[in-house]
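Fair warning: this is a prediction, and the values are worked out from it, not measured in the lab. Naming: A, B, ... by sequence-line order, numbering from 1 per chain.
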2 protein chains.
Amino acid sequence: MEKAKDMLIEAAVNLGESLGLNRAVCQIYALLYLSNAPLSPTEIGKSLEMSKGNVSINLRILEQWNAVRKVWKKGYSRPLYTANEDIEMIIFDKLKTGIEKRLSYVKPIIMQVKNHKDRNLAASNEKFFARLDRIERLIGKIEFFLQNLDTIKAFTK
Amino acid sequence: MEKAKDMLIEAAVNLGESLGLNRAVCQIYALLYLSNAPLSPTEIGKSLEMSKGNVSINLRILEQWNAVRKVWKKGYSRPLYTANEDIEMIIFDKLKTGIEKRLSYVKPIIMQVKNHKDRNLAASNEKFFARLDRIERLIGKIEFFLQNLDTIKAFTK
DNA sequence: TCCCTTGTTTAATATGTTTTAAACTATCTT
DNA sequence: AAGATAGTTTAAAACATATTAAACAAGGGA
């Protein structure tokens with residue numbers, strides 16, 4: 001049983017790393033996701049053979065992502081932690097906000113370059129501006145795509 | 001003009017890093033993408049103030065991704081390089097094969113765990129197996145999504 | 001053929017990230 | 001209140017990756 005959990009946790013790490021996540025974050029989330037009851041940081045650290053500092057840091061990260069949440073057990077003053085199960089949403093939100101942030105940085109730069117385009121240069125740089133246009137269309141597509149992902153998600157349910 | 005290129009290259013680096021790409025790869029691709037004519041490794045290195053070793057390594061990576069290609073100019077024995085312009089395809093293919101590879105690693109592990117599920121344990125681990133099912137459905141969704149991305153891409157054109 | 005230029009490979013350096021160990025803070029138990 | 005337990009923060013270490021510098025190989029022109 002524990003062996004199975006370990007294998008699944010390792011698989012989660014493997015998947016998470018392709019999204020640029022670190023090992024600890026994936027391990028902790030997967031452990032909580034597969035646990036029947038909420039766990040304390042100490043239990044997490046013991047189970048994953050990970051320093052408590054590392055548990056603390058990465059639990060905070062997961063909380064910021066809304067991937068885990070505190071559970072207050074009656075009589076206990078310290079919270080336990082449990083996984084929020086809608087990992088689709090978690091992954092999606094993280095990707096979406098990340099991409100949007102990047103695009104909002106790139107877009108004004110392209111605008112700026114296009115507006116500075118002076119007539120003399122333009123002739124000799126036909127190709128250059130054509131490629132800028134192409135990039136702008138791509139950005140438009142990505143934005144369209146993000147706006148519609150919610151719909152698609154619902155559709156595939 | 002060169003200033004504009006530098007800004008755009010920097011923006012490309014910024015975008016690329018959110019996909020986990022290194023600086024050099026993004027710079028080289030963006031430079032070739034925005035250049036009117038194919039460039040030699042030496043020219044690339046000079047333009048980006050980057051060692052020729054680094055240019056060489058990362059040009060090879062870009063070639064493997066089909067993101068750039070060699071151009072043989074008459075009379076020259078060494079190739080120049082130019083960007084393949086369909087970066088949507090490049091990004092998409094890279095993401096798609098990456099995700100597929102990861103899923104093909106994870107799927108059999110889940111199968112295995114589910115098949116080992118023995119009756120005694122099963123009762124006490126209702127929740128555990130329910131979550132496994134949930135993950136399996138998620139993987140199914142992702143696969144469906146990937147299979148249909150081509151269609152969606154065409155649709156948004 | 002010999003040198004000069006160009007490109008590749010490799011080992012070392014530099015940079016960035018993750019993890020831990022240890023100091024610190026807060027909470028709980030007696 | 002004192003000692004023990006749990007959690008956070010930080011500085012250092014371990015680790016991974018990217019970049020360069022330098023040795024090497026291949027081709028081009030004298």
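Straight-line distance from the CG atom of L48(B) to the P atom of dA18(D): 17 Å, rounded to whole Å. Summarising the geometry, the separation between CZ on R23(A) and C1' on dC15(D) is reported as 13 Å, rounded to the nearest angstrom. Here dT13(C) presents its C1' atom at 14 Å from CD1 of I57(B), a figure rounded to the nearest Å. The CH2 atom of W72(B) sits 11 Å away from the P atom of dG7(C) (whole-angstrom rounding). Atom pair L59(B):CG and dT6(C):P shows a separation of 16 Å (rounding to whole Å applied). Atom CD in E43(B) sits about 16 Å away from atom P in dT5(C), given to the nearest Å. Nucleotide dT18(C) holds its P atom 21 Å from the CD atom of E49(A), rounded to whole Å. Rounding to whole angstrom units, CE of residue M50(A) and C1' of dA21(C) are separated by 15 Å.
Both G20(A) and S40(B) lie near DNA chain C, and the one whose nearest nucleotide falls closer to the 5' end is S40(B). Each of Q27(A) and K52(A) has a nearest nucleotide on DNA chain C; the 5'-most of these lies closest to Q27(A).
Residue N54(A) is in base contact, counting any heavy-atom pair closer than 4.0 Å across all strands shown.
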Determine, stepwise, if the pair E100(A) / T97(A) fulfils side-chain hydrogen bond (donor to acceptor under 3.5 Å, both in side chains).
-> CA-CA 5 Å; E100(A) 280 169 348; T97(A) 57; over 6 Å; no
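The pair E10(B)-K5(B) does not meet the salt-bridge criterion, since no charged nitrogen lies less than 4.0 angstrom from a carboxylate oxygen. Look at R134(A) and E88(B) and you find a salt bridge, because one of the NZ, NE, NH1 or NH2 atoms lies within 4.0 Å of a carboxylate O, short of that distance. Electrostatic pairing of E136(A) and K114(A) counts as a salt bridge here, judged by a charged N lying under 4.0 Å from a carboxylate O.
Contact annotation: N22(B) side-chain N/O to dT19(D) OP1/OP2 distance is under 4.0 Å. Taking 4.0 angstrom as the limit, S56(A) places none of its side-chain polar atoms (N or O) nearer than this to OP1 or OP2 of dT9(D). Residue R60(A) has a polar side-chain atom (N or O) positioned under 4.0 Å from OP1 or OP2 of dT9(D).
Pairs of residues two or more places apart, or lying in two chains, never qualify as ring pair (Phe, Tyr, Trp, His ring centres under 6.0 Å) while including a residue from residues 56-88 of chain B.
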Can you tabulate the close N/O pairs, meaning under 3.5 Å, that link protein atoms to atoms of nucleotides 25-29 of chain D?
unit_1  : atom_1 : unit_2 : atom_2 : d
dG27(D) : O3'    : S77(B) : OG     : 3.2
dG28(D) : OP1    : S77(B) : OG     : 2.8

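In the set dG7(C), dT20(C), dG7(D), dG7(D) carries the atom at the smallest distance from any side-chain atom of P41(A). Relative to the side chain of N58(A), the nucleotides dT19(C), dT20(D), dT8(C) differ in distance, and dT19(C) lies closest. Among the nucleotides dT20(C), dG7(D), dT19(D), the one closest to the side chain of S51(A) is dT20(C).
Note: the hydrophobic cluster containing Y105(B) also contains I99(B) (ILVMFWY, side chain heavy atoms under 4.5 Å, direct or indirect links).
Every side chain to side chain contact (heavy atoms under 4.5 Å, CB included) that I91(B) has, sequence neighbours left out, goes to L19(B), L95(B).
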